[in-house]
Amino acid sequence: MNPNIRQAIQQRARTIDEDYIMVEKAWKDMVAACTSNVDETVHFIDTQCTADELSWLSEVYDELIDQTQSPGLAVSLYNAIIRNPEENKRYSLMPTLDEAVEVYGNYHVRKAYRQAKDQ
């Protein structure tokens, strides 16, 4: 696993929401860590990502989908949300991912995502 993913998420978690400059930096770091190796990111989400980490990642779902155009990443995020229904209920993770896929995903991302949701 890319340890930078967890470090970037922890950096965001420690950042005060009102510190817009540091929040933007944390978002950029999360996106960079997750997009540097999409296969490692998918593995992290599938096997190690906590519910809390998934919530922090939701802040950059749109950037992750836009920059990777990875059907596997979209499906992995979907499955992680399904595994964490309480976090989804608390933070509306699924609608956030739905919008990111619809707005930023290419045909292949949207198709894989719809197939995952139809199962």
Side-chain angles (χ1 to χ4, degrees):
M1 181 208 67
N2 181 344
N4 294 333
I5 297 171
R6 185 159 274 144
Q7 289 172 346
I9 294 168
Q10 289 170 349
Q11 173 191 340
R12 172 58 189 105
R14 289 189 303 265
T15 302
I16 298 168
D17 289 342
E18 290 76 18
D19 188 346
Y20 303 118
I21 293 170
M22 293 308 294
V23 169
E24 287 283 334
K25 180 187 179 320
W27 286 343
K28 287 179 183 177
D29 291 346
M30 286 184 354
V31 170
C34 291
T35 59
S36 67
N37 186 325
V38 176
D39 291 336
E40 282 186 7
T41 300
V42 168
H43 180 74
F44 169 75
I45 292 167
D46 289 346
T47 63
Q48 300 173 27
C49 188
T50 67
D52 188 55
E53 290 168 334
L54 183 64
S55 293
W56 288 112
L57 280 176
S58 73
E59 294 183 353
V60 294
Y61 284 171
D62 54 347
E63 288 292 327
L64 297 179
I65 298 300
D66 185 39
Q67 290 188 29
T68 67
Q69 294 301 318
S70 169
L73 179 59
V75 171
S76 177
L77 289 167
Y78 170 77
N79 289 331
I81 293 168
I82 294 299
R83 286 191 308 271
N84 294 282
E86 287 302 314
E87 206 73 2
N88 180 36
K89 185 177 173 183
R90 186 176 303 122
Y91 296 110
S92 301
L93 302 180
M94 194 66 75
T96 303
L97 183 59
D98 288 345
E99 182 178 355
V101 168
E102 185 60 34
V103 173
Y104 298 101
N106 64 21
Y107 169 79
H108 301 290
V109 170
R110 290 191 312 270
K111 181 180 177 185
Y113 188 69
R114 279 192 300 270
Q115 287 175 339
K117 289 188 89 166
D118 289 343
Q119 290 182 1

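Keep in mind it's a predicted model, so treat the numbers as computed, not measured.
- Side-chain atoms of Lys25 and Met22, non-hydrogen and from C-beta on, do get closer than 4.5 Å to each other.
- With Gln48 contributing its side chain and Ile45 its backbone, the two residues share no donor-acceptor pair below 3.5 Å.
- Counting heavy atoms from C-beta outward, Ile82 and Met94 have side chains that approach closer than 4.5 Å.
- When side chains are defined from C-beta on, Leu54 does not count as touching Glu87, because their heavy atoms never get closer than 4.5 Å.
- In this structure, the side chain of Asn4 does not engage the main chain of Ala33 through any donor-acceptor pair within 3.5 Å.
- Pairs of residues two or more places apart, or lying in two chains, that qualify as ring-ring contact (aromatic ring centres under 6.0 Å, His included) and include a residue from residues 61-90 are Tyr78-Tyr113.
- Trp27 contributes atom CH2, which lies 10.0 Å from atom OH of Tyr20 (distance to the nearest 0.5 angstrom).
- For the pair Ser92 (side chain) and Pro95 (backbone), a donor-acceptor distance under 3.5 Å is absent.
- Each of Asp46, Thr47, Thr41 was scored for a side-chain hydrogen bond (donor to acceptor under 3.5 Å, both in side chains) with Ser76, with one residue passing: Asp46.
- Looking at Arg12 and Asp17, a side-chain N of the basic residue comes within less than 4.0 Å of a carboxylate O on the acidic one, giving a salt bridge.
- When every heavy atom of Val31 is checked against every heavy atom of Leu64, the shortest pair comes out as CA-CD2, 4.1 Å.
- Side-chain heavy atoms closer than 4.5 Å link hydrophobic residues (I, L, V, M, F, W, Y) into clusters, and following such links, even through other members, never connects Ile81 to Val75.
- To the nearest 0.5 angstrom, Tyr104 atom OH is 6.5 Å from Asp66 atom CG.
- Taken from SG in Cys49 to CG in Asn79, the straight-line distance is 12.5 Å, to the nearest 0.5 Å.
- Atom CZ of residue Arg90 and atom CG of residue Asp52 lie 9.0 Å apart, to the nearest 0.5 angstrom.
- Remark: side-chain polar atoms of Glu59 are not paired, donor with acceptor, to backbone N or O of Ser55 under 3.5 angstrom.
- Counted within 6.0 Å of CD on Gln10, heavy atoms from surrounding residues, nucleotides or ligands total more than 12; the atom is thus considered enclosed.
- Contact check for Leu57 versus Cys34: side-chain heavy atoms found under the 4.5 Å cut-off.
- The main-chain N or O of Ala100 is never found under 3.5 Å from a side-chain atom of Asp62 such that the two would form a donor-acceptor pair.
- Looking at heavy atoms from C-beta onward, Leu93 lies out of side-chain contact with Pro85 at the 4.5 angstrom threshold.
- Of all heavy-atom pairs spanning Phe44 and Glu53, the tightest one is CZ-OE1, 3.5 Å.
- Within a 6.0 Å sphere centred on NZ of Lys117, heavy atoms belonging to other residues, nucleotides or ligands number more than 12.
- A distance-only check finds no donor-acceptor pair linking the side chain of Glu63 to the backbone of Val60 [under 3.5 Å].
- Here the closest non-hydrogen pair linking Ile16 and Val23 is O-CG2, 3.6 Å.
- In this structure, the separation between CG on Asn37 and CD1 on Ile5 is 8.0 Å, given to the nearest 0.5 Å.
- Considering every non-hydrogen atom in both Ala74 and Leu97, the closest pair reads O-CD2, 3.9 Å.
- Summarising the geometry of Val109 relative to Pro71, their closest heavy-atom pair is CG2-N, 3.8 Å, with the distance given to 0.1 Å.
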